[in-house]
Structures are given as C-alpha cells and as structure tokens.
Protein chains: 2
Amino acid sequence: MTNIKDVAKYLGISVSTVSRALNHYPDVSPTTKTQVMDAVQYLNYRPNAVAKGLIQKKTFTIGFMIPDITDPFFPALANAVEETLSVHGYQVVYGSTNRESEKEKQFIANAISRQFDGLIITPDVLDDEMIALISGLQMPVVFLRRRTPQGLNAPYIDVDHYHAASAAIRHLVTRGHQRIGFISLPVNSITGSERLRGYMDTMSAYGLMPEPVSIVEGGRTIDHGRAAMEKLNQRCPNLTAVFAANDLLAIGAMEWLHMHHIAVPDQISVMGFDNLEYASFQWIQLTTMEQPREEMGRKSALTLLKMMKDPKQSPVSELVEAKLIERKSILNLNAVPAGRS
Amino acid sequence: MTNIKDVAKYLGISVSTVSRALNHYPDVSPTTKTQVMDAVQYLNYRPNAVAKGLIQKKTFTIGFMIPDITDPFFPALANAVEETLSVHGYQVVYGSTNRESEKEKQFIANAISRQFDGLIITPDVLDDEMIALISGLQMPVVFLRRRTPQGLNAPYIDVDHYHAASAAIRHLVTRGHQRIGFISLPVNSITGSERLRGYMDTMSAYGLMPEPVSIVEGGRTIDHGRAAMEKLNQRCPNLTAVFAANDLLAIGAMEWLHMHHIAVPDQISVMGFDNLEYASFQWIQLTTMEQPREEMGRKSALTLLKMMKDPKQSPVSELVEAKLIERKSILNLNAVPAGRS
DNA sequence: ACCTTGTTCAAAAACGTTTCCGGCAATGCC
DNA sequence: GGCATTGCCGGAAACGTTTTTGAACAAGGT
C-alpha cells in the first residue's frame, strides 16, 4: 500500500505539504496542489483512515445497536439512520444483540475501544451495570424507540406508546366495542408495559375495566400471537375485538382465527401496532397504529449529529406521533343491524 | 481517557511490560501480571483499538455490502454473517447500497481507507470500474449470493439459481402443468437472468417451449408482482401455473388473483422462490424454493475467516442447494378429475 | 571464576497521519 | 533601503499502541 510518504517522495516535497494539499488547507499554492492531486491519482494513494483517526481522535463511525435485525421493525429504522449519517461522512456499525445483555455490553465496550464518535441504541435490558457502562461513556448517545432511563441524561427519540395504545382503544370503543382483549408484548420490556398501560387506563376511563383474563402476554412473534389468540378465545369467548401490541402478534391472532373459521372483522375485530409491510396484504388488511420508522431513524441521526458538532448544548428528546392506519380488520358495530354475541 | 502510559506510570513500570501483560506474553512474571490487571480494572483502562489497528495493520472489522437491508431476504443473511464473525472478535460494518453503483464504489473505497480485514459483498452492478476497484483490493473478498465475475478470482457462496428454477419447473410439470407463466426479476441482474434461464431451458427440455408473452419482467416488489400478474392474465388467460422469481413477486401475483377472485391453487397454481416468512402465512401457503440463508451467511463468513488466517491458499467456492418447500399453492392436475381450461 | 542459560523487564522504533512552529523568499509600504 | 507582511513550505512532535532488541540479574554447570 502506498502512503503519504511515498507521494511526498515522488514529488520531492514534504509530507506535511501533501497532507495540507489533500485537506484543502489555504496555505498551499495552486500549482503544488494540482501536482499532489495528480500524484495521488497516479500512485493510487488512499489516506489511511486508521492513522487519521488516531491523531484526530475522531473516527467518523457511529454505532447503532438494535435488538434484532431479523425483526421486520428494524431494517427501515437502520436504513434511515444510515442514510442520513452517510451523507455527513459517517459510517455506521450495526450490532444486533438478540436482546442478550452480554452482547449489549459487548457492543458498548467495543464502541469505547474502537473510539466511535457516537451511539444510537435501542437497548433491551437496562440493569445497573448497563447504566453504569453507558453513563461512563465519553461519546454522545441517543436512545431510540425507548425513553432514556433514570440516571442518564441522553436524549431519546420515541413514539408515545402509551397514547398510541390509548388512541387505538378509543378507535375501537367509538365503534361500539366494549369487550376488548389485549395481547401483550413481554411486560418486562418498556414498550410492552407502556402499551399495556395505555390499554388499561383507556379502558377504565371508558368504564370498561377489563378483567385480567382478557389480557394475555404474547411475546413478539407470530407463533406467540397464535397461541395467545387461542388462550384468549378459551378464556373470553365473547370478545368483539382484540388489540395486539404489535403487528406480528396481530397476524398470529388472525391466523388462528382464520384456521378456526372465525371471520375478521365480521365475527371479531383486530387492531395491530407498527404497520409493517405485512399489514397491507390483501388477505390481512390490518388496521394498526403506525410508528413512523423512517422519521424516527432520521431524527435520531440528526440529533446525534447535532450533539457531535456541539457537545456543549443539551439536546432535546422527541416524542413522535403514531398514526392510525385504517384498513378493514375492524367492524363498526354502530353501523351494524345489531344482535351480535 | 486513560491510556497505557497512565497505567504504566501508576504502577511504576514500563509501557511495554503493561502491553505484554495485557496480551498474555509469556515473559512477564505472574505477580506483575496480576498487578497490571488490577490497575487496569482500577483505572478503568480500555485499550485503544485504533492505535492497535494502526501498528498491527489489522482492524478486526470486516465489511458486509448488501443491496438493501429493507429487502426481507437480507436480514437473516446479515445475522448469520455477524453471528459467526463476532465469535472470532470481528465486528461487521454493513453497507446497504440501494443498488446504486455510486454507493457501492463508495463502500469499497471506504473499506480500503478504513483498512478492513475482509469483505463479504453482494454487488448489484458490476461494471468495469467496479471490477477494477475490487481487483485492486489488498484484502480477501468473498462474493455472496452471486458468482464471482470474470476477471476476479475471489470465491463465492451462492445457490444454484439455474438448477433451482429448473427444479421448480419440474415440480410443476410433473404435476401436470404445461402452460406455465414466468414473472421475472430484472433480467439485467445475475440472479434474474439465471432463474429465467432455468425456466426457459427446463420448459423446452419438456417440449413446452414457452411463448415470449408468457414471460413478464416484474421487478422485485409486491407491487411489481401485482402488475405483472395482471399483464400475464391479459396476455395468457389460459395459464395453469405461474412461477414467480421471488416470493415478493409471488405474493403480489397472489394478491392480484385474490382481488379478482381467482382461486389459488384451484384455478391457478403459484410457485415462489426464497421462502420468506410471508410464504408460510395461513392465507398464502406458498410453495417455494428455499434459499438456505443462514447457511449461506455462515459459510461466507467461514471462508472469509479461512482466507484471513491463511492468505496463501486458494479458497473454495460453494454452491448450496435450494430446497423445495411444499405448501398449498400448487394443484396436482394429475390427481384432479380433469376438464379444466 | 567463568560461561551458559533463562527470566524479567526497559528503551526505543515503528505504524501513517495531522498540526504546530518556524523559516525563507518575495512583496508591499513608508 | 529597511521593515513588516504575506505566501508557501519543511521539520518534527504527537496520537496510543505493539514489537524488537538487548540489558540486568540470578542460577546452575564446569
């Protein structure tokens, strides 16, 4: 590999002049500058970013930690993050941690030793050790799709899961639904507990205090959704609607209903959360709360950029709006003859 | 940030001893070694991987270039690659290029200046400039999900698209289908042209030379599949089966059929390619050729690992088998009363 | 007493850049 | 013509490691 010394020697000038020419410093004459550029071309010289990073204490790489790239929620996020960071010369290093605490810590440790310039993270487990690790970080951090935990003061970009769940329930109730089941995410996760809380509070605000049996903890996958729907159907056979805490659960539920010849929405309505591509399939047509993933990804990248440019200012968190996407999985009971069990 | 000089000063020993202790060199006494370890803990010292990379000429990062992380085909690949590389201490840098030539070149250039140790790439456009760029590379490269282009001698990991397409057609023909339409990927892509070739050759081997009108170039998305199915239906209303070159196209086709009340498989059979998660949905149940994505990801990572360990040996390419996943989207005409148009 | 061998460590070079500092012409100004 | 200013450039330090070389010392054999 040819280095800067080689091109300096080739031109018979000093290393520092070559460096200044390449970095467009003002104090280098136009003629030598073009000479340098030509020599660089001719010798096929590529600056070594590692050496540059060492001396500048800036690597132009940022870390992006997510629970699971295989979860269809994340690729769009990742894409938006990379898109907006790459135009500023940053490269992003993904880490898919499978929600394992060990891997998450591993990723942070790596970010430190590799001198990343910033971090966008969606941590899943936030025990004390993790919080300590993050709070000891020298680089800017933004939390994505979860609020900043107690004890840290990084900004976050999140949707308001609580209000979104509330809006979903409102949508169902105003369409005449009263017996509404809930298929939950793991409740030890933040998003899971927030959406559950939105369901609970809104139901009781309408005087529809749900019995505990109408809530089942589902998990995150389609299979979980199926199993949860089966359990729900056993325990509360007279539900008119089901609210699933994400689209995968909703689709699992719809699959179970389809297999048992229970028509959606005629016999039971289903509401989802996320608006994945699946949701718009002709067979599914799921009404769901959309999380604006591109927007979230973009905004997290932009606030990180701002923080890296000026580490002084305290950056601002943002709560973006979820949006109700109406399709055909919910029946309006008020517009129906009546006489349903 | 505390560096190795700090811990040396703290212990009153030399920098080199600390370094040797940390890297488990034999010539450091047990007592100083434990002292060093304790000091490292106490001072919260983290080795600077950038400096290490500079002197060792090894960064323990590999680049993984894919066309589009948003395409549901790739996350599983990416996951497998990262999984098997991370256990060897490598970190992987993704690049989602949106199939833009400019971004692909950008990624390679970045890989050079950042001194990556190796590359796993799924390039989409391979013009002369790209080939020159790659052939000038100092680091090992493996091609994934495409064969190595002429003029390069890197290994590849791919499925045999041609034979897989051939097997798909054989499956249809042995079930009595003769008029089989084809929805193609963009034919200027390698995978697209290979699958098309498999279709063509196999059809004519059975004496079923397809008319040009029964082939329509679809694209890559569900919307393309819909449009293609509509076109196909106009041009060849008497098809008994359609082979779509990937599952997204197949699902788009099935959507169009569903919207027009044409039953699958009773009125027309559909065969896909990829076996995405979608394909197993209850409403879809698509028979399709599975590409073993985890296996491909793992294998590409393993051969890269081998090449990095011993750059001498010429590594071996692999063609993995696609596997027919039988579901319910194909009707066996031989087991049916007869009398179909 | 001397050589050999082995163990443990320190000094310094090296990696490829950037950047600070100073020097040397040439120019402009009085 | 002296003097400050400007434009351009070279030397060298610095970034934080690893690695090579060899020094110091002890122990053991003859």
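Fair warning: this is a prediction, and the values are worked out from it, not measured in the lab. Chain letters run A, B, ... following the sequence lines, proteins first, then strands; residues in each count from 1.
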Y10(A) meets the ring pair (Phe, Tyr, Trp, His ring centres under 6.0 Å) criterion, sequence neighbours left out, with Y42(A)
Those residues at least two apart in sequence (or on a different chain) that pass side chain to side chain donor-acceptor pair (under 3.5 Å) with S16(B) are S14(B)
S19(A) side chain N/O closer than 4.0 Å to the phosphate oxygens (OP1, OP2) of dT19(C)?
no
Rounded to whole Å, CG of L54(B) lies from P of dT18(C) at a distance of 12 Å
Those residues at least two apart in sequence (or on a different chain) that pass side-chain contact (heavy atoms from CB on, under 4.5 Å) with P140(A) are L304(A), M307(A), M308(A)
So the salt bridge (charged side-chain N to carboxylate O under 4.0 Å, His left out) pairs with at least one residue in residues 75-93 of chain A (sequence neighbours excluded) are E83(A)-K103(B)
The residue, Y25(B) or A51(B), whose nearest nucleotide of DNA chain D is more 5′ is A51(B)
With sequence neighbours left out, the residues meeting side chain to side chain donor-acceptor pair (under 3.5 Å) with K299(A) are E295(A), E318(A)
So which protein N/O to nucleotides 20-28 of chain C N/O distances come out below 3.5 Å?
none

Using atom types as modelled and distance alone, determine if a side-chain donor or acceptor of N98(B) lies under 3.5 Å from a backbone N or O of E100(B).
-> no
Residue pairs passing the salt bridge (charged side-chain N to carboxylate O under 4.0 Å, His left out) test with at least one member in residues 14-26 of chain A, sequence neighbours excluded, are R20(A)-D27(A)
Its 5'-most and 3'-most nucleotides having an atom under 4.0 Å from a non-hydrogen atom of chain A, DNA chain D is contacted over dC8(D) to dG16(D)
Residues at least two apart in sequence or cross-chain that pass side chain to side chain donor-acceptor pair (under 3.5 Å) with Q56(A), listed by chain then number, are none
- Could you tell me whether the side chain of I4(A) reaches within less than 4.5 Å of the side chain of Y45(A), counting heavy atoms only? yes
Q. Quick one: does T2(B)'s side chain get under 4.5 Å of R46(B)'s, heavy atoms only?
A. no
Regarding V15(A), tell me which of base, sugar-phosphate or nothing describes its non-hydrogen contacts under 4.0 Å with the strands shown. base
As a check of understanding: the bend across the helix from dA1(C)-dT30(D) to dC30(C)-dG1(D), end axes from five pairs, rounded to 10 degrees, works out to 60°
Tell me whether D127(B) is salt-bridged to K105(B), with the criterion being a basic N under 4.0 Å from an acidic carboxylate O.
yes
Residues at least two apart in sequence or cross-chain that pass side chain to side chain donor-acceptor pair (under 3.5 Å) with Q91(B), listed by chain then number, are R114(A)
For Q313(A), does the CD atom sit with more than 12 other heavy atoms under 6.0 Å from it, leaving out its own atoms? yes
So, with a heavy-atom separation below 4.0 Å from DNA chain C, the residues of residues 1-8 of chain B are none
When rounded to whole Å, the CD1 to P distance for the pair I55(B) and dT17(C) reads 15 Å
By nearest-heavy-atom nucleotide on DNA chain C, the more 5' of K33(B) and K57(B) is K33(B)
